[in-house]
Amino acid sequence: MTMISKKMQEALNMQVNDELWSAYLYLSMSMDAEAKGLRGVAHWMYVQWQEELGHARRLQCYMIGQNARVELMPITEVPTSWNTPLSMFKDSLVHEKEITKAFNNLTTLAIDEGDYATYNCLQWFVDEQVEEEATVRDIIDQLDMAGGDNLGLYFIDHQLSERKNPNC
Ligand SMILES: [Fe+2]
């Protein structure tokens, strides 16, 4: 018997799919940046891919711990090309805001159901989303400041290449 409701189980399962879709989106951004010689952007997006896989895993582990079944669903297609790094990071912010909304909705459901174990699990993600949005917003500001300036972009790209990989 699962410890969480069927409704919650389905909602968390959807979120696992969303996190895997996020991972795929960032991997696609990484590949596009590689193709355009933006090694730093590519690296940053690659690290983000790994972070998203970690988010999916964290949810899976929680569900498994609650004896809830995780059923992997198809990953829908992602965009493959962006005009500029700025448009890429802007897309990322739009996406992260949607993920934030999804975690807010999950949290509301947890409260409605009096499911405080899931509520606690979700708080980590609520905090994480604040950080994700702030980080992406900073990068957008920097790219905005650089405008179309190649030297500016070069420095930002270099700075992004220094993002630490959480897994190694
Ligand atoms: Fe995520």
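Numbers for residues simply follow the sequence, beginning at 1. We count ligands from 1, going down the list as the structure has it; atoms in each ligand are counted the same way.
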ask   = Mind checking whether Tyr26 and Trp44 have parallel, tilted or perpendicular rings, split at 30° and 60°?
value = perpendicular

key: Neighbouring protein N, O or S atoms of the Fe ion (ligand 1) [cut-off: under 2.8 Å, no waters]   = Glu19 OE1, Glu52 OE1, His55 ND1

The single option from Asn104, Leu59, Leu106 passing side chain to side chain contact (heavy atoms under 4.5 Å, CB included) against Phe125 = Leu59

query = When you check the gap from the basic side-chain N to the acidic O, do Arg58 and Glu128 get nearer than 4.0 Å?
reply = no

message = Do Ile99 and Tyr119 land in one hydrophobic cluster if side-chain heavy atoms of ILVMFWY residues count as linked below 4.5 Å?
response = no

ask   = Who pairs with Glu71 by side chain to side chain contact (heavy atoms under 4.5 Å, CB included), at least two apart in sequence or on another chain?
value = Asn13, Arg69

key: Ring centroid separation Tyr24 to Trp21 under 6.0 Å   = no

